[in-house]
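Residue numbers start at 1 and run along the sequence shown. As the structure lists them, so they are numbered: ligands from 1, and atoms in each ligand from 1.
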Amino acid sequence: MKFLSDILVASLLFFAFSLQGIDINRTNIEEISEQRTLSIIKPDATAKNITGSINARFEQAGLKIIAQKRICITQEQAGKFYAVHREKAFYDNICKYMSSGPIVVQVLQGINAVLKNREIMGATNPANAAIGTIRRDFGENIEHNAVHGSDSEENAAIEIAFFFSSLELID
Ligand code: CMP
């Protein structure tokens with residue numbers, strides 16, 4: 001009898017730990033896939049007054065805009081933001097361009113936000129962007145391509161901190 005009750009207790013303990021394991025795994029997956037990414041609506045798009053149309057694309061795809069501001073930046077500030085491209089031939093032009101008019105900087109939050117935003121934006125060159133993407137529908141050329149989005153979760157954290165304090169991120 002004692003032997004049977006020991007087996008019963010052991011089975012119950014095993015079952016409880018298994019359930020706990022499943023819960024822990026599920027929580028980890030959710031934590032890993034919920035992300036934030038930096039988005040910039042560029043001067044060509046603010047000039048066309050289409051920031052609302054662009055924001056609707058993010059929201060329809062399930063991304064939440066948890067911070068947003070319309071600002072102007074200097075060429076020097078643009079240079080700091082795009083510092084990773086310092087050696088590229090297009091560096092000076094993109095810095096001049098990003099300081100040529102208002103931009104809207106924003107933080108998007110959602111499941112796999114970095115990759116999802118890149119899918120919604122489309123390829124850097126609007127000519128190569130898939131049908132239905134922001135850059136295909138609103139971009140003019142590789143420089144005037146309507147939007148910028150972070151390319152990794154690591155860079156997203158750096159880019160978000162460039163424009164926003166943690167107090168401005170309203171989840
Ligand atoms: P963005 O995602 O903002 O990152 C850097 C920007 O440089 C890019 O979008 C383009 O608008 C701009 N750019 C201009 N020329 C090029 C190029 N030849 N290759 C990549 N990006 C370019």
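Residues forming a ring-ring contact (aromatic ring centres under 6.0 Å, His included) with F90 (at least two apart in sequence, or on another chain): H85.
Near ligand 1, heavy-atom contacts under 4.0 Å come from K42, Y82, H85, F90, I94, T124, R135, I142, E143, N145, H148.
Note: F81 and F163 have tilted aromatic rings, judged against thresholds of 30 and 60 degrees for the angle between ring planes.
The aromatic ring centres of H148 and Y82 sit less than 6.0 Å apart.
The main-chain N or O of H144 is found under 3.5 Å from a side-chain atom of N141 such that the two form a donor-acceptor pair. Without hydrogens or angle criteria, N128 side chain to A123 main chain gives no donor-acceptor distance under 3.5 Å.
Under the 4.5 Å side-chain heavy-atom criterion for grouping Ile, Leu, Val, Met, Phe, Trp and Tyr, F164 is connected to I73 within one hydrophobic cluster.
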